[in-house]
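Everything on this sheet refers to the single structure shown next.
Just so it is clear: chains get the letters A, B, ... in the order the sequence lines come, proteins before strands, and each one is counted from 1. What you see below is based on every heavy atom in this structure, not just the backbone, and it leaves out hydrogens, waters and symmetry mates.
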There are 2 protein chains.
Amino acid sequence: MDTSFDVLNNDCPSRVVLQRIGDKWAPLVFQALKGGPVRFSRVRSTIQGVTPKVLTQTLRTLERDGLVRRTVFAQVPPRVDYELTPLGLTLLEPLDAVRAWAEANAAHILDARDDYDDRQSS
Amino acid sequence: MDTSFDVLNNDCPSRVVLQRIGDKWAPLVFQALKGGPVRFSRVRSTIQGVTPKVLTQTLRTLERDGLVRRTVFAQVPPRVDYELTPLGLTLLEPLDAVRAWAEANAAHILDARDDYDDRQSS
DNA sequence: CAGTATCCTATGAGATACTG
DNA sequence: CAGTATCTCATAGGATACTG
């Protein structure tokens, strides 16, 4: 198969995708939506530390990229559900592997930093 | 096993790791170092569009995090090799899956954006 | 060759307060 | 409940030029 996309190439669209993935909150949104549709307030409380403004921005961008679906229910009080699209679900797997790696190896990284900083100051 | 690390938790070190991974050039460095030790100038030419300043910054951070090893050869002209450490190699796999996804699905993302933008302007 | 040194700016992101 | 509206700021990152 010929994808003709190469991240190493400048101006390649895949770089934009990579950057999107690599924004501060997007991976956490994937994690929060892992189990199915979730309401805004729930996403917000699941992802510790995110402000509503930034969360909305992140969700909108993911929606625009076709990775998240936003469903508005005509109710009072309002209810809005967010869920991963089929495309978003295919990204969940590799993204989750990175997350798992981060959780499993965070300690090693911190140790390496300590070593490096000690070496610098000596 | 009890990792006790959770990306959804604020102040969790794994978040820092995730952010590091998600910086603009780091994933491309992994890609560039995929095949073994590479000299600085080679990394630079492999990753289209990166400036020497930013590349140095990225490499230094990855070195500090124990993901990349920097080897200086006492030669004139100077020669410096960069390569993934064993820890870095374990990260290469999940990261490469994300890259592959990005290259494979960049077109879908771009389409989704067009659809979304059309819908907004209508 | 392998970087530094400066300068500069866009923007990601936080804090805070308000609303249909 | 599900967001907006402002304001503000740090810093990631780019452009350019220089050096051991």
Side-chain angles (χ1 to χ4, degrees), chain A residues 7-12 15-29 32-33 37-65 68-83 116 120, chain B residues 7-12 15-29 32-33 37-65 68-83 116 120:
Chain A
V7 284
L8 291 178
N9 202 324
N10 208 358
D11 306 322
C12 177
R15 279 212 183 167
V16 182
V17 177
L18 217 59
Q19 189 141 16
R20 190 103 312 293
I21 291 166
D23 94 356
K24 183 167 183 182
W25 301 104
L28 305 180
V29 167
L33 301 187
V38 191
R39 303 181 64 160
F40 183 84
S41 55
R42 186 78 190 272
V43 180
R44 190 182 166 187
S45 61
T46 301
I47 304 176
Q48 292 276 332
V50 70
T51 61
K53 191 199 94 177
V54 172
L55 180 55
T56 301
Q57 280 176 1
T58 306
L59 287 167
R60 288 285 195 283
T61 311
L62 293 176
E63 188 195 1
R64 178 171 180 254
D65 285 354
V68 164
R69 171 161 37 240
R70 178 173 179 265
T71 310
V72 183
F73 297 88
Q75 301 180 356
V76 178
R79 170 183 171 176
V80 180
D81 276 7
Y82 292 92
E83 62 183 322
Y116 185 91
Q120 282 338 61
Chain B
V7 283
L8 292 177
N9 203 326
N10 209 357
D11 306 323
C12 177
R15 279 212 183 167
V16 181
V17 178
L18 217 58
Q19 189 141 17
R20 191 102 311 293
I21 291 165
D23 94 355
K24 184 167 182 180
W25 301 104
L28 304 180
V29 167
L33 301 187
V38 191
R39 303 180 67 159
F40 183 83
S41 56
R42 187 78 191 272
V43 180
R44 189 182 167 186
S45 61
T46 302
I47 304 177
Q48 292 276 332
V50 70
T51 60
K53 191 199 95 177
V54 172
L55 180 56
T56 301
Q57 279 177 359
T58 306
L59 287 167
R60 286 286 194 282
T61 313
L62 292 176
E63 187 195 1
R64 178 172 180 253
D65 285 354
V68 164
R69 171 163 34 243
R70 177 172 179 265
T71 309
V72 183
F73 296 88
Q75 302 181 357
V76 178
R79 169 181 173 178
V80 180
D81 276 8
Y82 292 92
E83 62 183 322
Y116 185 91
Q120 283 336 63

*Mark yes or no for whether A:R15, through its side chain, and A:L8, through its backbone, hold a donor-acceptor pair below 3.5 Å.*
yes

*Shortest non-hydrogen contact from B:L28 toward B:K24*: CD1-O, 4.1 Å

*If every non-hydrogen atom of B:Y82 is compared with every non-hydrogen atom of B:L33, which pair is closest and at what distance?*
O-CD2, 3.7 Å

_Non-hydrogen side-chain atoms of A:V17 and A:V7 separated by less than 4.5 Å_ = no

_Please report the distance, rounded to the nearest Å, between CZ in A:R44 and C1' in C:dG14._
13 Å

*Using the side-chain hydrogen bond (donor to acceptor under 3.5 Å, both in side chains) rule, collect all pairs that involve residues 52-64 of chain A, keeping only residues at least two apart or in two chains.*
A:R64-B:D117

*asked:* Is the shortest side-chain heavy-atom distance between A:T71 and A:R69 below 4.5 Å?
replied: yes

*asked:* Give the residues of residues 50-62 of chain B touching DNA chain C, defined as any heavy atom closer than 4.0 Å, sorted by residue number.
replied: B:P52, B:K53, B:T56, B:R60

*Which heavy atom in A:A32 sits nearest to a heavy atom in A:V38, and how many Å separate them?*
O-CG2, 3.7 Å

_Helical stems, DNA chain C - three or more consecutive Watson-Crick or G-U wobble pairs below 3.5 Å_ = C:1-20 with D:1-20

*Please give, in whole Å, the distance from C:dT11 P to A:K24 NZ?*
19 Å

*asked:* Regarding A:R70, tell me which of base, sugar-phosphate or nothing describes its non-hydrogen contacts under 4.0 Å with the strands shown.
replied: sugar-phosphate

*Residues two or more places apart in sequence or in another chain: which of them pass side chain to side chain contact (heavy atoms under 4.5 Å, CB included) with B:V72?*
B:R70, B:V80

*Which part of the nucleic acid does B:F73 contact within heavy-atom distance under 4.0 Å: base, sugar-phosphate only, or nothing?*
nothing

Donor-acceptor contacts under 3.5 Å from residues 42-51 of chain A side chains, at least two apart:
unit_1, atom_1, unit_2, atom_2, d
A:S45, OG, A:S41, O, 3.3
A:S45, OG, A:R42, O, 3.0
A:T46, OG1, A:R42, O, 2.7

_Segment of DNA chain D, first to last nucleotide, that comes within the 4.0 Å heavy-atom reach of chain B_ = D:dG13 to D:dG20

*A:A26 backbone acceptor or donor facing A:D23 side chain under 3.5 Å*: yes

*Specify the residue among A:W25 and A:P78 whose closest nucleotide of DNA chain C lies further upstream toward the 5′ end.*
A:W25

